[in-house]
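To start, the structure itself, in structure tokens.
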Amino acid sequence: MKYDFSAIEAKWQKFWEDNKTFEVKIDRSKPKYYALVEFPYPSGAGLHVGHIKAYTGLEALSRKKRLEGYNVLFPMGFDAFGLPAENYAIKTGVHPRVSTDRNIAHFSEQMKKVGYSFDWSRVIDTSSEEYYKWTQWIFLKMFENGLAFRDTALVNYCPSCKVVLSNEDSQGGKCDVCHSDIVQLPKEVWYLRITAYCEKLLEGIARVDYPPYVKAQQENWIGKSTGAFVNFELKGSDEKLRIYTTRPDTLYGVTFMVIAPEHPVIDRSANVIKNMSEVEAYRAECAKKTEFERTQLVKDKTGVKLEGISAINPVNGKEIPIYISDYVMMGYGTGAIMAVPAHDQRDWEFAKKFGIDIIEVIKGGDITKEAYTGDGEMVNSGVLDGMTNKKDSIEKMLGFLEEKGIGEKGVQYRMKDWAFNRQRYWGEPIPIIHCPHCGLVGVPYDELPLRLPDVKNFEPGTDGESPLARIEEFVNCKCPKCGGDAKRETDTMPQWAGSSWYYLRYVDPHNDKEFASKEAKEYWLPVDWYNGGNEHVTRHMIYSQFWHRFLYDIGEVNTPEPYMKRTCIGLVLGPDGDKMSKSKGNVVDPLDVIKVYGADTLRTYVLFMGDYEKAAPWSESSVTGCKRFLDRVWGLQDIVVDGDYRPEFVSKMHKTIKKVTSDIDTIKYNTAIAALMTLINDFTASGKITKAELRDFCILLYPFAPHITEEIYQAQGFGGYIHDAKWPKYDEALCRDDEVEVAVQVNGKIKDKLNVSTTAEQDEVIEAAKALERIKAEIEGRQIVKAIYVKGRLVNIVVK
RNA sequence: GCCGAUGUGGUGGAAUGGCAGACACAGCAGACUCAAAAUCUGCCGCAGCAAUGUGUGCGGGUUCAAGUCCCGCCAUCGGCACCA
């Protein structure tokens, strides 16, 4: 009989759906397992093979865990708010609700064709009222706790999309959505105070099981540095200039100071600065540059000396000049630095250009050529002279600063607060009312959700306002506190809001009283394993780690961390080895693969194609290889005979069970499948397979290829369904063969092979090795220094 | 510049310090076929007719034994970056 994958796959997909096979409930008799994959943005393009690879990994794990007796929550949903749906609406007039629903239906159908064992009763849509009600609820909780606030700041603004973007969405000075250049505008915007959680986030990262590069990336993003704040007195003004430095040990080498062009001390000292017009001209020039441009001009330092004021170095009383320069940013530290040209390359370049003194305080380099940033003996440094250990010098200086009251230890973070509003339509309305008397007032909880009103025109306003601002019935409202006339906030939340807590909603998705019941949260949380794309490690993940930790702090969740373990998939590249993209025309459509080869082949291939965490190009011929493998699996039914494991297959079976079991747990899907291929090669070579061998072989293959194995399991009458079967157990003792071939080396070079019993003792094996003709010839007339036997592996005879 | 990862056949990739290249793709040869496809069998790192030699980015080291551990480089990829 031919392997009719289309019929088999349709049959079992219908069976699983009709019987709600993968719907789960709280069941305290079983251990729970929460496997989570990143939910997709339901774009018009449909599922991509990258999605398939991402979902199939934990899909295999989930199927296996169920057979091992776990109660597995493996949900799916849609991250449905966002700009593409809105831009599509602007272009075509189709309401985002309509296109989003259509796309969700399309994605769902595609996923069902792959045969995923998602619990479809728990599907969530972040753009649905039942869902965003709780996104708004969490926002209000943050507002109540002072973590959501408004501030005027220079914002990253995309002139093309007409939105304010977070730093995360404007990396490299380009808009993440349309890649236009970002400009900086002052605007009053909403922020979430993620910086209040820097320390807690760092603590959390230390606790969880993420790959080292993920932890490094997150830590880098938070960017903690330790150092000192030091106050410099100003001559010619009552002001003190406060700086942050990581190198307080070099304080004696300070020969000038630099402040950011926007630093407020400039305006406060305007009356004593003699060259204010020159200063203003420089400031105007800087304001024209984007932050991106400012950070690009690495070599050529510019700046203006502030005439009329100067600073006093607090450790030696020397008078030093103050400059403004755009290499100092207002957004980091205090916006002012102490410059140590001898030991900081940027300061050195500035000093060279402006003819400022360069004083060496650490010996070891040639400061006439470049700044010396290495270690060495301290000189010209008062209390520090003679010290050679950087750490000790810093400690000593910190003590000195504190004793004299001129500075103290300090910590800085690179991460900035999260700009949280967008002037667009297709997002969660921010549930805040602007009251002329009461200020900012939260929409009362019992009025949630604050519904996104219907609009006809999705174009953003020319002045950077949301389309919601044009809807008077929405904007005009009464203040919930004083009852007076008030106006609603018309901005919406950014794309990242809904995904910051979606894994929490899955545990109790239909609850209309709370975002999830206490019982469900306590049973299912935390997520045991979260798999997704590398690109989400800094934005989405840090955001959701922040939201989760906040919910933990207010007693809404029972674990401090949302995700216990994280893995990242490697990209699926096009057949040409380039990143798949429409413009290159190298995109592979998973549905095409299913049509020609079947879902089981597609699933097996995406896990077999290489190291799961590394990028690998798509190879049509390798897909064929996986199809051939499943054809051969199907063909096993022609050679099946009654019986238990044959003696010569006992250790092969046990070894394979062991390998597949551990490889699925450690994301080595490729070697698990390879082990099954090896085993089937052995069955074929032996000309038959017993019922017991076939049954267990099918169970081992089931996580990867569930349809074909369900079918064989049923056709062979193994009893019940494979999705209810027990995962086979292996016996360590039976994983060993009775006899093994060991390599025989002389001085580490392989000279011969020898068959020995696994139980043979060292002396016995070494004697047998020496007796081999080839070995005899090698050791003839030489002195045996030593002989080593590594059990079941090799013998090494060392001769002189 | 800083942080992290990776470097193995023609290709994707295997290898608790213990026989490098499992498994698969491609390739070659053969069987079946009028023929082709499919399928099956065998071969398949490099050099060499062979014996053999050589081989995991490069240079050292530790060890009876190194792809694996240590030291120093090089290259590629990813993240951050005038961050004080």
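A, B, ... follow the sequence lines: proteins, then strands. Residue 1 opens every chain.
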* Asked: Counting any heavy atom closer than 4.0 Å, what does A:A339 reach on the DNA or RNA strands: base, sugar-phosphate only, or nothing?
  -> nothing

* Asked: Which base, if any, makes a Watson-Crick or G-U wobble pair with B:G42, both distances under 3.5 Å?
  -> B:C28

* Asked: Any idea how A:F350 and A:Y327 line up, ring-wise: parallel (<30°), tilted (30 to 60°), or perpendicular (>60°)?
  -> tilted

* Asked: Quick one: A:Y669 OH to B:A14 P, roughly how many Å, whole number?
  -> 14 Å

* Quickly work out the A:W221 CH2 to B:C83 P distance and round it to whole Å. => 16 Å

* Structure fact -> Any strand, both distances under 3.5 Å, Watson-Crick or G-U wobble: B:A5 pairs with B:U76

* Asked: How close or far is atom P of B:C82 from atom NE2 of A:H343, stated in whole angstroms?
  -> 23 Å

* If you look at every strand shown and take non-hydrogen atoms under 4.0 Å, does A:K668 touch a base, only sugar-phosphate, or nothing? -> sugar-phosphate

* Measure the distance from OH on A:Y597 to C1' on B:A38 and round it to the nearest whole Å. => 13 Å

* To do: Tell me what A:F629 touches on the nucleic acid: a base, only sugar-phosphate, or nothing, going by heavy atoms under 4.0 Å.
  => nothing

* Structure fact -> Using Watson-Crick geometry (N1-N3 plus N6-O4 or O6-N4) or G-U wobble (N1-O2, O6-N3), each under 3.5 Å, B:C69 is paired with B:G61

* Asked: Looking across every strand, which nucleic acid part, if any, lies under 4.0 Å from A:G625 by heavy atom: base, sugar-phosphate, or nothing?
  -> sugar-phosphate

* Asked: Across the strands shown, which category fits A:Y332 at heavy-atom distances under 4.0 angstrom: base, sugar-phosphate, nothing?
  -> base

* To do: For A:K749, report the nucleic acid contact type (base, sugar-phosphate, nothing); a contact means any heavy atom under 4.0 Å.
  => sugar-phosphate

* Reckon A:D611 touches a base, only the sugar-phosphate, or nothing at all at heavy-atom distances under 4.0 Å? -> sugar-phosphate

* When you measure from the centre of the six-membered ring of A:F704, is the NZ or CZ of A:R603 under 6.0 Å away and within 45° of the axis? -> no

* **Separation of B:C83 P from A:D326 CG (nearest whole Å)** => 13 Å

* To do: Tell which nucleotide pairs with B:A20, taking only Watson-Crick or G-U wobble pairs whose two distances are both under 3.5 angstrom.
  => none

* May I ask you to decide whether A:K627 forms a salt bridge with A:E620, counting only side-chain N to carboxylate O separations under 4.0 Å? => no

* To do: Go ahead and name the base partner of B:A84; Watson-Crick or wobble counts if both distances stay under 3.5 Å, otherwise write none.
  => none

* With no hydrogens and no angle check, do the side chains of A:S225 and A:Y244 hold a donor and an acceptor under 3.5 Å apart? -> yes

* Of all the nucleotides listed (B:G18, B:G79, B:A84), which has the minimum atom distance to the side chain of A:N220? -> B:G79

* Go ahead and name the base partner of B:U56; Watson-Crick or wobble counts if both distances stay under 3.5 Å, otherwise write none. => none

* To do: Take atom OH of A:Y213 and atom C1' of B:G4, then tell me their distance rounded to the nearest Å.
  => 10 Å

* To do: Quickly work out the A:H536 NE2 to B:G78 P distance and round it to whole Å.
  => 17 Å

* **Atom-pair distance (CD on A:E613; C1' on B:U6), nearest Å** => 13 Å

* Asked: When you look at A:R247 and A:D249, which way does the salt bridge (Lys or Arg N to Asp or Glu O under 4.0 Å) test go after all the steps?
  -> CA-CA 5 Å; A:R247 295 297 303 275; A:D249 55 318; 3.0 Å; yes

* Looking across every strand, which nucleic acid part, if any, lies under 4.0 Å from A:A216 by heavy atom: base, sugar-phosphate, or nothing? -> sugar-phosphate

